[in-house]
Structures are given as structure tokens and as C-alpha cells.
Amino acid sequence: MRINRWQRLKWTIPVILFLTTIIDAALPAIFPAAFLGNGQVIVSHITLYYIVTFAFYFRESNILIYSFIFGLFYDSYNTTVLGVYATLYFIIAYLIIKVKKYFPKKMPVHAMLFFVGIVILDALVYVFYNEIGTSMISMTGFLVSRLSPTLIFNIVMAIILYFPTRSLLNWLGYEDYIIF
């Protein structure tokens, strides 16, 4: 029996987002500390990478629901305040859905949207935690010790994930995934 595209999307997207949330929690812990400077922190955003991917390449609006649900899962699994990542994942997915019609469906554009998504996510998380008094790091400290290493790490991860993502998109029925 052949599974149609909608059925593949229906179960594949939640499975991918579930696995990437688990990987996001574990990856920074196994990353060699020798690559990081004193006090630097990396935050893996593979879940965000796939939220951006699914929002950018597919028309189904279920990605908004999935982004919120897996944002809650991410919050319950990795943070202390429930709803921060859920709200921000939802907002980023919504923004991608709204702006994707103005861009060609090409890898550099996808990478740029992922890059912008990371900056928006981490900046708003920084502002939120600073406002509630949980974090007292300065803006310069945030940029140097958290955002820069996070961006570098996640861009490298996006490059590593390019070919598996391309194969996944082809399997899910999207065939116009162009390298450049």
C-alpha cells in the first residue's frame, strides 16, 4: 500500500521535531569544550532549523500547530519557563509562512531565514530572561558569549544537515529543492 504525501507529512513532521528537540538538549553537552572560549555557551537550534524548513517549503499550515506544541515540549524539556520557546517558535514559523512568497525556494534563502530565526529567537529569549531577572548578562556579554558561538555552531549544523534535509524533502514530495 502506497502512503500519500499528506500522510507522510502528517507523521514525519512530528517525529522529526520530537527527535530534534531531544538532540538539541544533548548536543551542546557532548560538544567539545576545547572549541569554546571561556564562558561561551552554544545552543543547538536543530528544531528551529526544521521548523523553518517545513514552514518555508510546504503549504500546510499545520507547521504553526506543530511549532507551538514542540515549543512547549522544548520548554518543558530544556527551560524553566513554560511557553517562551512555544510562543517564539510559533511566531517564527508564522513569519516564515508570510514572507516565503517573496523569496525563491533555494538553499541560500533557507539558510538566511534560519540565521535570522536564530537571531530573533535568541535575542527575544535574552530580553525575556533579562526582564524577569533570571539572567543578568550584559548585551555585549550576550553577543560575545552566547549569540556568536550559537550562530557559528548552528550554521555548521545547517551545512551538515543540508543533504539529509534535501533527501527528506524529496521523500516528502518536494522536488524543487535547489542547491544554488
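Basis for what follows: all heavy atoms, side chains included, without hydrogens, waters or symmetry-related copies.
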Do [X] and [Y] have side chains that get closer than 4.5 Å, going by heavy atoms?
| X | Y | answer |
| --- | --- | --- |
| W171 | T12 | yes |
| P14 | F70 | yes |
| Y66 | I51 | no |

Handout entry: Nearest heavy atoms of A55 and K100, plus distance in Å
Key =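 So the minimum-distance heavy-atom pair works out to O-NZ, 2.9 Å.
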Handout entry: Closest approach of V52 to H110 (non-hydrogen atoms, all atoms of both residues)
Key =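 So the minimum-distance heavy-atom pair works out to CG1-CD2, 3.9 Å.
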Partner residues of [X] under the side-chain contact (heavy atoms from CB on, under 4.5 Å) criterion, sequence neighbours left out:
| X | value |
| --- | --- |
| I23 | L27, I46 |
| I69 | I65 |
| P104 | K106, V109 |
| L143 | M139, L147 |

Any residue meeting ring pair (Phe, Tyr, Trp, His ring centres under 6.0 Å) with [X], in chain and number order, not counting sequence neighbours:
| X | answer |
| --- | --- |
| F73 | F18, Y77 |
| F142 | Y126 |
| F114 | Y49 |

Handout entry: Residues which pass side-chain hydrogen bond (donor to acceptor under 3.5 Å, both in side chains) with T20, listed by chain and number, not counting sequence neighbours
Key =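 Expected list: T47.
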Problem - Which residues share a side-chain hydrogen bond (donor to acceptor under 3.5 Å, both in side chains) with Y74, sequence neighbours left out - result: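 Per chain and number, Y74 pairs via side-chain hydrogen bond (donor to acceptor under 3.5 Å, both in side chains) with no residue.
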Practice task
For side chain to side chain contact (heavy atoms under 4.5 Å, CB included), just list the numbers for Y129 and V81, CA-CA rounded to whole Å, side-chain angles, deciding distance to a tenth of an Å, and then say yes or no.
Solution key: CA-CA 9 Å; Y129 282 116; V81 180; 3.8 Å; yes
Handout entry: side-chain hydrogen bond (donor to acceptor under 3.5 Å, both in side chains): pairs with one or both residues in residues 138-157, sequence neighbours excluded
Key =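 Listed by first then second residue: nothing to list.
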Practice task
Output the rest of the hydrophobic cluster of M136: all Ile, Leu, Val, Met, Phe, Trp and Tyr residues reachable through side-chain heavy-atom contacts under 4.5 Å, sorted by chain and number.
Solution key: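 Besides M136, the hydrophobic cluster comprises nothing; the residue is isolated.
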Exercise for the section: Test I13 against Y50 for side chain to side chain contact (heavy atoms under 4.5 Å, CB included), laying out the working first. Expected result: CA-CA 9 Å; I13 291 174; Y50 281 103; over 6 Å; no
Exercise for the section: Calculate, to the nearest 0.5 Å, the distance between atoms OG1 and CZ belonging to T53 and R166 respectively. Expected result: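 One gets 14.0 Å once the value is rounded to the nearest 0.5 Å.
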